[in-house]
Amino acid sequence: MVAETLVEPSPSSLSGVARVLVNAGKLTAKAAEELTKSARERKASFVTTLIGASAVKPDELAHTLSTALALPLLDLNAVDLQKLPRNLVDPKIANQYQLMVLGKRGNRLFIGAADPTDQEAVERIKFATQLTPEWVIVEYDKLMRQLETQGATASEVLETLTTGEFDFDVTEEDTTAPESAEVTADVEDAPVVRFLQKMLIDAINMRASDLHFEPYEYNYRVRFRVDGELREITQPPIAIKDKLASRIKVISRMDIAEKRVPQDGRMKLKFGNKSIDFRVSTLPTLFGEKVVIRILDSSSAKLGIEALGYEKIEKDRLMSAIQRPYGMILVTGPTGSGKTVSLYTCLNILNQPGVNIATVEDPAEINLPGINQVNVNDKAGLTFAAALKSFLRQDPDIIMVGEIRDLDTADIAIKAAQTGHMVMSTLHTNDAPTTLTRLLNMGVAPFNIAASVLLITAQRLARKLCENCKKPADYPRDSLLKAGFKPEELDGNWKPYRAVGCSACNNGYKGRVGVYQVMPITESIQRIILSEGTAIDIAKQAEVDGVRDLRQSGLVKVRGGWTSLEEIINVTNE
């Protein structure tokens, strides 16, 4: 013990943040020395190593540095980050030294950083901008999230993408491409090609569902939808907007000369042994064509029923219904609530060599071998109703209709369900009980609904809490009761969790989980349908039958620690 005391480094021998923390009593000198050595070996910053080792919390570090160095402290969550100045500091420098520009006044440049003691960063910024840096302390985790999402900007993006190779190809199946001169010009514009490829790879790595390329009068931005929320990724030069749109249209087999009307197409990326399909939509706006690319990952349909987030009683009801020889199963919910994945998961379970499955969609989003898939083509007269009529002459066992939009489609689907076929489809309604009244309002006869519909599932997608940073929350009992919890459910040792946020997640959330209302059509509900009862009557009877509504199902997810109370209130606030 005496020997250890003798070799204990003194605070004066340490540098920067380490010395401040030791003097403030937040670290021992020995721990600071070990962290400094570890940072040097890993070629990482001291702050990164410090936070990674959980030696000091990011907020505690920020407050300590602000007090000790008499520097202002800023909460990045309270700032509109979209309005911060761009292009004043090279993105490479910002990422290398872990800092961001907060503003400029005269010859002073306000820099947000978690380590304001980095003199090398000061000299680099002075030399690059000819301005005097003024430090503002920000929390490390919030800063790193912002640096991760804001991406590189301006022409630097395109310049850096002219080097390096990608290990996948864009497959172009259409041999009748548009005018060769225009196509050649786009293909040879290597920076634009590589920029698009990089955006697609980044979107896949970030688990994004959609990419938005949006032109405005003075800027051009790219946003990804991650876990249901749009996040700005980068702002490339506005000059590339037309070339980028043309490139996307070429590989999606659209007409690149037509810029006045919306168009739809598809494309496929191959890297390694995996290929991912994309659905592409263009829309003429005031300042150019906006392009939205939806990522269609067929592996999501092969995850299995357990991965979708069904509780045991809900899963048992659904599995029992899809094993029936005939009848109709309906899945409802808003756009983007995972209806297609749920249906295809069921089809994947039923997809056996002895079963003939046919689907008609607008368009087919997920390709599954062994299933006969048809795309709607209204111009050619191939509507949902026309395809359904044809299916009935194709000896099907199971039919999946992308969406029931009108009485013709509903009538044919119900007749198919009554004549020995299992029919699955979707509707856009808020919950399961209103689906039945929606069919009645379409003009479907009550006795046909009662005789054919077996089960209705309403669903939403809620963001999952990050396992790394979620923390227990202390909500008032009254708030929990108001949210829908029953008094007896609040007894016990469990606590709801809240979102915190760390470098591994998006504001405390990572991934999504399904929230379901699975309502079998019992004899009691059939009697209400035959008497043309209201959705309220059906909902009351479903509750008697033990069916949880969406809010109650969401609260089960809260109790299980899957998500937060705020998220469930948000997605089930009808």
Side-chain angles (χ1 to χ4, degrees), residues 13-21 35-36 39-51 58 61-62 65-66 68-74 76 79 81-164 191 194-195 198 218-221 232-240 503:
S13 67
L14 301 169
S15 61
V17 174
R19 186 170 67 252
V20 172
L21 291 175
L35 287 167
T36 303
R40 199 178 298 122
E41 290 173 351
R42 294 169 52 196
K43 295 182 179 179
S45 72
F46 176 79
V47 172
T48 299
T49 307
L50 177 77
I51 300 298
L61 171 65
L65 291 175
S66 175
L69 302 175
L71 290 172
L73 174 64
L74 179 69
L76 288 179
V79 178
L81 299 174
Q82 308 300 332
K83 295 182 179 178
L84 295 182
R86 294 175 179 271
N87 305 326
L88 292 174
V89 171
D90 190 321
K92 289 181 180 177
I93 296 176
N95 281 291
Q96 180 182 350
Y97 294 103
Q98 298 174 344
L99 53 86
M100 64 184 294
V101 177
L102 299 173
K104 175 178 175 287
R105 182 180 299 166
N107 69 338
R108 293 188 300 165
L109 191 65
F110 295 95
I111 300 293
D115 180 3
T117 65
D118 192 339
Q119 289 303 311
E120 184 181 333
V122 171
E123 296 305 320
R124 282 290 299 273
I125 294 169
K126 275 185 179 179
F127 179 79
T129 65
Q130 300 301 305
L131 299 170
T132 304
E134 295 276 353
W135 291 112
V136 177
I137 308 291
V138 296
E139 292 169 49
Y140 176 83
D141 53 344
K142 295 175 183 177
L143 171 65
M144 296 309 294
R145 268 205 306 278
Q146 175 60 15
L147 289 176
E148 176 191 335
T149 58
Q150 71 182 7
T153 58
S155 58
E156 183 270 345
V157 175
L158 300 183
E159 290 168 4
T160 57
L161 289 172
T162 56
T163 58
R194 292 189 179 278
F195 176 72
K198 182 179 187 304
Y218 301 113
N219 66 310
Y220 187 57
R221 72 175 177 181
E232 182 172 327
I233 300 302
T234 185
Q235 289 199 13
I238 194 169
I240 74 163
S503 58

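Only a predicted model underlies this, so the values are computations on that prediction, with no experimental measurement involved. This chain uses plain numbering: 1 for the first residue, then up along the sequence.
L74 CG to L143 CG: the interatomic distance, rounded to the nearest 0.5 Å, is 11.0 Å. Atom CD of E232 sits about 8.0 Å away from atom OG1 of T234, to the nearest 0.5 Å.
The side-chain contact (heavy atoms from CB on, under 4.5 Å) check on T49 picks up L35, S38, A39, R42, A44, with sequence neighbours excluded. Residues passing the side-chain contact (heavy atoms from CB on, under 4.5 Å) test with I51 are V47, P58, L61, Y140, sequence neighbours excluded. Shown here are the side-chain contact (heavy atoms from CB on, under 4.5 Å) partners of A18, two or more places apart in sequence or in another chain: L14, A32, T36, F46. Evaluation of the side chain to side chain donor-acceptor pair (under 3.5 Å) rule for D115 yields T117 as partners, not counting sequence neighbours.
Minimum interatomic distance between L131 and K104 (heavy atoms only, all atoms of both residues): CD1-CE, 3.8 Å. When every heavy atom of L65 is checked against every heavy atom of P116, the shortest pair comes out as CD1-CD, 4.0 Å. Between A113 and W135 the shortest heavy-atom distance is CB-CZ3, 3.4 Å. Between A94 and V89 the shortest heavy-atom distance is N-CG1, 4.3 Å.
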Inset, instruction - Decide yes or no on side-chain contact (heavy atoms from CB on, under 4.5 Å) for V101 and I111, but give the supporting numbers first. - result: CA-CA 5 Å; V101 177; I111 300 293; 4.1 Å; yes
Inset, instruction - Evaluate side-chain contact (heavy atoms from CB on, under 4.5 Å) for L76 paired with D141, printing each intermediate quantity in order. - result: CA-CA 10 Å; L76 288 179; D141 53 344; over 6 Å; no
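A heavy-atom distance below 4.5 Å is not found between the side chains of L99 and D118. The shortest distance between side-chain heavy atoms of M100 and V138 does not fall below 4.5 Å.
Applying the side-chain hydrogen bond (donor to acceptor under 3.5 Å, both in side chains) rule to pairs touching residues 121-134 yields Y97-R124, sequence neighbours excluded.
A donor-acceptor contact shorter than 3.5 Å links the side chain of S66 to the backbone of L71.
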